[in-house]
Structures are given as structure tokens and as C-alpha cells.
Number of protein chains: 2
Amino acid sequence: MSPPERIRAAGLRRTPARIAVFGRLLANGRPYTHAELLADPELAGLDHVTLYRTLAALVDAELIHRVFGIDGVWRYGVQPAGGPGCPGNHVHFLCRSCGGMRCLYDSPMPRVPLPESTEVEGRHFLVYGRCAACVRAGEATA
Amino acid sequence: MSPPERIRAAGLRRTPARIAVFGRLLANGRPYTHAELLADPELAGLDHVTLYRTLAALVDAELIHRVFGIDGVWRYGVQPAGGPGCPGNHVHFLCRSCGGMRCLYDSPMPRVPLPESTEVEGRHFLVYGRCAACVRAGEATA
DNA sequence: CTTTACATGCAGGTGACTTTCAGATAGCCG
DNA sequence: CGGCTATCTGAAAGTCACCTGCATGTAAAG
């Protein structure tokens, strides 16, 4: 199913903004911030408020998921194939050097015992440090 | 060792602001936000920038730790007794109804396999939902 | 008590995100 | 194909957490 078809199947209007943003996220391979998407040449001219709302609509429709970085900025990435709708079903890694985030699809979210009658809505598990590329770049210049 | 002594032992000057803030965090029993601390009657009159810097100094000295909420706000809490300096050695719970955060000292941070030569600086594991008190309050009014 | 490195308070600024509202448009129906 | 309506878009302006620069104040060492 093509990106526009998936948008329509999720109950959303297939507007140019949504098709373009969803297409970029599909092509990226890793979660992107609002600012990274705005700077993307293929999304040039897109209003920043429209981008916020587009991302929110895609998250609501469960076409993408979002993860919080410890820098206070949300990242948006495509859902893993066949992944559950539950927010945060896998761990994420954030490089504090380049700011890039990676989905660790192979690391499912661990379960945690909680006090009686607590209601769990979701989990955020973020590992941060320096990615392999930045480590190598740092060694090269050091 | 009293709070002022612990501040001095950590290599910090024992100023009124640091003694008061560290004392409040010790008494609170759960992590507090910058805003919650500013609103605390015992910290009345404290400048908000000074509070930011005081918290940063206490974090650097490893007297307290800080955790990011999915609402984009840092919470500051005392270190668990004898806890390691490594940032984030236990899981946290955030109530999205009352905004309160709890340290789950009994849930150590799970280990996650990462790609070759990645450097890990720390981990943030946040479970969010509604705490037992808010669940009961909601049922009472519903 | 004097010195000085460090802490404080204030003014002002940054950046992510939201709200409001007028104008545009996707998709439905005939 | 053409009109209607709910919904989306874009621009201006606002909110909130947090940071920087600089002059003043103070803890602690000698």
C-alpha cells in the first residue's frame, strides 16, 4: 500500500503536507525532529505549525510514533512493521553528539512491577551516549 | 552527615540556597520540578535562575539526580542511598494526572544490547500513566 | 579581617510548542 | 463535472522551560 493509500486507510485526508511528511519519515530510516523535517529540502516551504499538526495527526492515526529526547525535543519515526499501537514498544538510542536517534527494534520494552492499582499508559526507554559514527569521528580528530 | 555537611563534603560551598533546596528534596520523598520547588513556601523568594543553577550544581556533585518527564520538564530527586553515580540507575513513574513522579528504586535499569562501538552515557526509563491515588480519585468522582 | 573565587539576582533572550482565526481544499453528493 | 461542508493550512502572536551576561554579594581560606 502506497503512503497516500495508507494515510487514507488510517482515516485521514491525503493532503500534500501529510503525504510529503509521511513519505520523508518512511525514507529516513530513523526518527526525525520537527526541526530536522522543516530543514528537509523536500519539505521546503511547509509551515512549522502545519508540520506540528501533521505530525500529531499521523501519531493519532498510529502511522508514526514519537519519542522524547533528553534534550526536550520530540522525534518522529515510522511504526515498526506490524507493531502494536501501544506507545513505545521498543527502546531508542539518542546520540548526544550528532543528535540522531535510532530505533532499537530488537529491544522490546521491559516490563516493570508497579504499585497496586497503578494504570500504565506507556513507557519511554531512552539510552543515550555517542553513536558508532561519532565515536569513530572523534577518534579520527583526537 | 547533615545536609550542609554533605554539601561541603561534595566539594560545594554551603550556601543558604543549596542547603534549603537540598533539604527540601531530602524531605520530599519524590522528585520535584523546578516549578514545584519555586512554589514551595520554604523556598519563597528564591530567584528562579539561582534555583536552576543550584540544581545543576547538586546534580554535578551527584547529591541529586534528575529525570526527564514526557511533559518536557526535568524532575530532581535525591540519590538513592549508596546509589552509583551513573545517571539513571532506576526506573521512574510519572502520573499524567497529577504530574507527580516516583522513583522505582526496586526496578534497576535493564541492560540493552547496542551496535558495535556505541558509547553509552546513561539511560532514561520512564513509565507513565495514572498513579494509584489519581485512579482512586477518578473512580470516586466518576 | 582581608581577599578572592565563586554564588546570587536581575534583565533579557532562545527555542520548542500552542492557540486563534481567516482563507483554502479534500472528499462527498448530486 | 460542479457545488457543499468538514477539515486542513498558514500566519501572527502567545506560553513556558530554560539559558546568558553582568554587576553585586558572600563563603571560606589565609
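We use all heavy atoms of the structure for the numbers below, so side chains are in, but hydrogens, waters and symmetry mates are not. Just so we're clear, the structure is a prediction, and the values are computed from it rather than from any experiment.
The separation between L55(B) atom CG and dA7(C) atom C1' is 14 Å, rounded to whole Å. Spacing between atom CD1 of I70(B) and atom P of dA17(D) amounts to 16 Å, rounded to whole angstrom units. Regarding L51(B), its CG atom lies at a distance of 14 Å from the P atom of dC10(C), rounded to whole Å. In this structure, the OH atom of Y52(B) is 17 Å from the P atom of dT14(C), given to the nearest Å. As rounded to whole Å, 16 Å separates atom C1' of dG10(D) from atom CG of L43(A). dA17(D) atom P lies 15 Å from atom CG of D47(B), rounded to whole Å. As rounded to whole Å, 12 Å separates atom P of dG27(C) from atom CD of E5(A). In this structure, I7(A) places its CD1 atom 10 Å from P of dG27(C), rounding to the nearest Å.
Between H92(B) and H65(B), the angle of the ring planes lies from 30° to 60°, which puts this pair in the tilted group.
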Contacts under 3.5 angstrom, residues 39-55 of chain B side chains, donor-acceptor by atom type, not counting sequence neighbours:
unit_1	atom_1	unit_2	atom_2	d
D40(B)	OD1	E42(B)	N	2.8
D40(B)	OD2	R24(B)	NE	2.7
D40(B)	OD2	R24(B)	NH2	3.3
E42(B)	OE2	R24(B)	NH1	3.4
D47(B)	OD2	V49(B)	N	2.9
D47(B)	OD2	T50(B)	N	3.3
T54(B)	OG1	T50(B)	O	2.7

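Toward the 5′ end of DNA chain D lies the nearest nucleotide of H48(A), the other residue of the pair H48(A) and D71(B) mapping further downstream. Comparing V49(A) and A35(B), the nucleotide of DNA chain D nearest to each residue sits closer to the 5' end for V49(A).
Side-chain proximity of L46(B) to dA17(D), dG9(C), dA11(D): nearest is dG9(C). With dC18(D), dG9(C), dG10(D) as the candidates, the nucleotide lying closest to the side chain of T50(B) is dG9(C). Taking every side-chain heavy atom of R18(A) into account, dC8(D) is the closest of dT8(C), dC8(D), dT18(C).
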Legend entry - Steps toward salt bridge (Lys or Arg N to Asp or Glu O under 4.0 Å) verdict (R96(A), E119(B)): CA-CA 10 Å; R96(A) 297 223 291 165; E119(B) 284 178 4; over 6 Å; no
Inset, instruction - For each nucleotide in nucleotides 22-30 of chain D, reading 5' to 3', give B when a protein heavy atom comes within less than 4.0 Å of its base, S when such contact involves only the sugar-phosphate, and - otherwise. - result: ----BBSS-
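The two residues R130(A) and S97(A) make their nearest non-hydrogen contact at CD-CB, 3.9 Å.
In summary, of the residues considered (V91(B), V112(B), L126(B)), a side-chain contact (heavy atoms from CB on, under 4.5 Å) with F125(A) occurs for V112(B) alone.
For residues 2-24 of chain A, no residue pair satisfies the ring pair (Phe, Tyr, Trp, His ring centres under 6.0 Å) rule, not counting sequence neighbours.
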